[in-house]
Each structure stands twice: as structure tokens, then as C-alpha cells.
*Asks:* 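First the structure, then my questions, so here it is.
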Amino acid sequence: MNSASTHAYDHARTTPRALATEAVHAGRDDLARQGLHAPPIDLSTTYPSYDSRGEAARIDAFAGDGAQPEGPPIYGRLGNPTVARFETALARLEGTESAVAFASGMAALSAVLLARASIGLRHVVAVRPLYGCSDHLLTAGLLGTEVTWVDPAGVADALRPDTGLVMVESPANPTLAEIDLRALAHACGSVPLLADNTFATPVLQRPVEQGARLVLHSATKYLGGHGDVMAGVVACDEEFAGRLRQVRFATGGVLHPLAGYLLLRGLSTLPVRVRAASATAAELVRRLAADPRVARVHYPSIGGAMIAFEVHGDPHEVIAAVRLITPAVSLGSVDTLIQHPASISHRIVEESDRRGAGVSDRLLRMSVGLEDTDDLWSDLDYALGELATGLPREWSKEEGAAFSTGRA
Ligand SMILES: *Cc1c(COP(=O)(O)O)cnc(C)c1O
């Protein structure tokens with residue numbers, strides 16, 4: 001970064017701006033001074049330097065604390081200017097000093113686990129449910145970590161001298177169960193709390209304000225927002241970010257610059273997308289909760305665009321019957337997606353663990369997009385209608401619809 005852009009960056013940092021403003025300006029503060037409007041995409045993998053003594057000093061400094069080297073970039077695995085714009089912007093939105101981007105959400109989580117395991121802190125305390133692959137990564141111990149699964153109330157008692165991380169999702173994938181992050185952060189003491197904020201996004205929840213030290217995103221979801229970019233990011237203090245950059249440099253799970261560009265673009269509409277989709281989701285929740293074909297609806301107290309519901313009949317029939325809604329895993333895109341967690345997103349979790357975490361075989365998870373509410377409802381109504389075929393409607397009505405927001 002040249003001195004002019006550094007100045008603009010510093011000025012912006014000292015002037016607090018609202019989330020909606022940060023979403024469209026953060027990571028772009030130097031553009032006008034450079035005579036640019038859209039951010040440039042830097043696809044270079046390497047950068048020329050005639051000063052190899054200087055490069056040696058910069059690489060030594062990086063090896064020390066993992067701070068992003070000052071001056072021109074060195075090599076793509078050490079950092080990329082386009083990706084750095086996204087990191088700067090996400091850090092501003094989450095209210096952290098730094099953010100470190102990775103090739104996927106799982107690469108980001110892997111880097112956190114490796115950063116802790118590399119200093120001997122191999123034990124993780126975690127609360128179910130987590131995203132299926134996060135659960136699997138911890139349960140299988142693929143990175144040499146060991147996990148203890150507990151309820152939120154059991155976290156303090158589960159901590160050991162070698163505990164390097166406490167990990168939670170709130171609202172959780174796929175049940176939308178919520179955790180009191182502030183109380184949990186207190187229970188963690190000096191052990192870093194990682195909150196996966198993929199579902200809430202910084203628009204609805206900033207976990208660092210509640211005491212979490214690390215905020216994880218599958219940026220593949222709402223941050224990208226259009227179903228066309230795979231990425232992960234960890235927002236945290238600069239000290240932890242340094243460790244994560246060192247792990248990223250050594251293990252190579254870097255984000256492609258084009259993905260960095262798409263994510264920065266995605267962030268600019270994040271508040272608008274999340275609020276619009278959340279309003280639609282809240283209305284669909286009202287209609288589902290009043291529908292006799294639906295046994296139970298899960299929706300977080302903080303709102304959001306994710307809905308989970310259990311049907312009286314066969315959930316596979318709902319998946320097979322949607323026409324406007326896309327039957328697909330993943331979430332957070334402009335279009336509405338529905339999937340059956342027990343078959344797809346959480347299939348890799350052992351059946352008893354999955355059920356124990358509240359992921360019933362009748363549960364459907366829906367990511368509400370930006371379509372018209374009535375159009376979405378008529379598609380859902382049609383898909384649910386297939387279910388009711390042959391069922392006496394009175395029977396379903398007697399069952400009633402339970403509405404749940406808590407961690408059952
Ligand atoms: C999708 C997801 C992940 C994994 O992210 P990828 O980008 O698919 O690697 C992690 N956490 C949550 C909550 C997710 O939904």
C-alpha cells in the first residue's frame with residue numbers, strides 16, 4: 001500500500017461509520033485517490049523486487065509475528081491485495097482488528113485448529129449442533145485435535161489445561177438453536193471462544209462484542225451471497241490473525257483473488273440482502289407455524305433468513321415437489337434453497353450424534369432468498385400439499401403446530 005492509501009485507511013479507521021456505510025466503502029478507501037471506482041483484481045502470483053536483502057527482512061518479520069508485510073506484495077501465498085480488501089472490509093463489519101481469508105469455510109476452521117494444535121493446545125470443547133463437516137472434522141480428529149462435546153452449561157467444567165478452543169454456532173446449522181454468547185464467553189475464561197457467525201452475519205450479530213475472540217464465516221454463504229464463490233474467513237484480533245496467516249502461508253489454503261473481488265462486491269449488498277430475506281423468512285415462519293401439515297418451526301430470536309421446520313409427513317416428498325425453490329445444499333444465496341439435513345448437510349455426522357443434536361429425520365432447512373413472499377409460499381404450499389395427500393386434514397390439525405426458537 002502506498003503512503004496516500006495508508007493515510008486514507010487510517011483516517012477511515014478513526015472515524016466510526018455505520019454498518020451500511022462500511023459495507024459499501026470498507027476496503028475501498030484508497031480507490032478514489034488512485035483514480036479508480038471499482039477495485040482492481042490483482043491476479044499476480046509473484047511480484048518483482050530488486051532488493052533481496054529487503055525481502056529477507058520482510059520474510060523474517062512475517063515468520064516472527066505473521067503481520068502482513070508492509071510494502072509491495074511478495075508472493076500470492078503470503079497475501080494478495082484484492083483479497084486484503086475483502087479482509088479489511090469484513091474486519092470492519094465484525095468490529096475486529098483483522099480478518100484472514102481462506103479458500104473455504106473448512107480451510108478457515110482447519111487453520112484455527114492447526115494454529116492451536118501447533119502450540120500444544122489440541123483439545124477443543126464444542127457444542128452441538130455444528131455444521132456437519134465441522135462436526136466431522138472435530139469428531140474424526142483429522143488434524144490431531146481431540147473434542148469434548150458439551151451443552152453450553154457444561155463448557156466451564158470441560159476445560160482442561162490443553163484446551164485451545166471453545167467452538168459454537170449460534171444460530172446453529174441446521175436447527176437454528178441459539179446460545180447466549182456473552183455468558184458462554186465468560187465461562188471460557190482465557191480460552192478463545194470461536195463463534196461461527198455464518199447464519200447471522202455481522203448484520204444481525206457481532207460475536208466479538210459479546211466476548212468471542214474468533215468469528216468464523218463460511219463466506220460461501222451470505223458474504224458472497226450469490227452462490228458463485230467458495231471462501232472462508234476468520235475475523236479476530238491482530239495477534240491471532242498473525243498466527244492464522246502463518247498457517248495459511250505454510251499450508252496453502254489461500255483464497256483466489258477473483259473470489260476476493262466477488263466477496264468484496266457481495267459485502268456491499270449484505271445488509272440489504274440479509275434484511276430483505278429476513279423479512280420474507282419471518283412471514284414464511286408465520287405461515288408455516290399456522291399450517292397443520294407442519295409439526296414444528298424453528299426460527300432464531302435474532303431473526304435471519306434461515307428457517308428449519310419439521311413436517312408430519314415424508315420430508316423427501318417436499319424436496320421432490322418444490323418448483324421455484326431449488327432443492328440444494330448450501331445457503332445464503334439470492335435464491336431460495338431447501339435441503340434435508342439428515343440426508344445431505346449433516347449426513348457425515350453419526351446418526352445418534354445427529355439425532356442427539358436435535359437434527360430429526362423430519363427436519364427440513366430452508367435458506368430464504370430475495371423472491372416474492374407469496375411466490376415462495378405458493379411453492380411451499382404446493383410442496384407441502386403433496387404431503388397431505390391421503391391424510392385426513394383433521395388429523396393434522398389436531399397435531400397442531402409447535403413453534404420453537406430455543407435449543408431443545
Ligand atoms: C457451509 C458452512 C461451513 C463450511 O463452509 P465451506 O465454505 O462450505 O467450507 C461452516 N459453517 C457453517 C455454519 C456452514 O454453513
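Positions are given from 1 along the sequence. Both backbone and side-chain heavy atoms feed into the values below; hydrogens, waters and symmetry mates do not. Owing to the predicted nature of the structure, the values given are computational and were not obtained by experimental measurement. Both counts, for ligands and for their atoms, begin at 1 and track the order of listing.
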*Asks:* Under the salt bridge (Lys or Arg N to Asp or Glu O under 4.0 Å) test, which residues partner Arg287, sequence neighbours left out?
*Replies:*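 Checked Arg287 against salt bridge (Lys or Arg N to Asp or Glu O under 4.0 Å); matches are Glu283, Asp374.
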*Asks:* Does a side chain donor of either Glu350 or Thr139 reach within less than 3.5 Å of an acceptor in the other side chain?
*Replies:*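 No, because no side-chain N or O of Glu350 sits under 3.5 Å from a partner of the opposite role on Thr139.
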*Asks:* Could you pull out the N/O contacts under 3.5 angstrom between ligand 1 and the surrounding protein atoms?
*Replies:*
unit_1, atom_1, unit_2, atom_2, d
ligand 1, 5 (O), Ser218, OG, 2.9
ligand 1, 7 (O), Gly105, N, 2.9
ligand 1, 7 (O), Ser218, OG, 2.8
ligand 1, 7 (O), Thr220, OG1, 2.7
ligand 1, 9 (O), Gly105, N, 3.0
ligand 1, 9 (O), Met106, N, 2.9
ligand 1, 11 (N), Asp196, OD2, 2.7
ligand 1, 15 (O), Asn173, ND2, 3.1
ligand 1, 15 (O), Lys221, NZ, 2.8

*Asks:* Do the side-chain N and O atoms of Ser170 and Glu178 include a donor-acceptor pair separated by under 3.5 angstrom?
*Replies:*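 The criterion, which ignores hydrogens and geometry beyond distance, is not satisfied for Glu178 and Ser170.
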*Asks:* I'd like to know whether the aromatic ring centres of Phe249 and Phe62 sit less than 6.0 Å apart in this structure.
*Replies:*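 So the answer is yes for these two rings.
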*Asks:* Begin from the C-alpha positions of Arg273 and Thr269 and carry the test side chain to side chain donor-acceptor pair (under 3.5 Å) through to its verdict.
*Replies:* CA-CA 6 Å; Arg273 284 187 283 109; Thr269 55; 2.9 Å; yes
*Asks:* Quick one about Thr145 and His123 (side-chain donor to acceptor, distance below 3.5 Å, no hydrogens or angles considered), yes or no?
*Replies:*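 No, because no side-chain N or O of His123 sits under 3.5 Å from a partner of the opposite role on Thr145.
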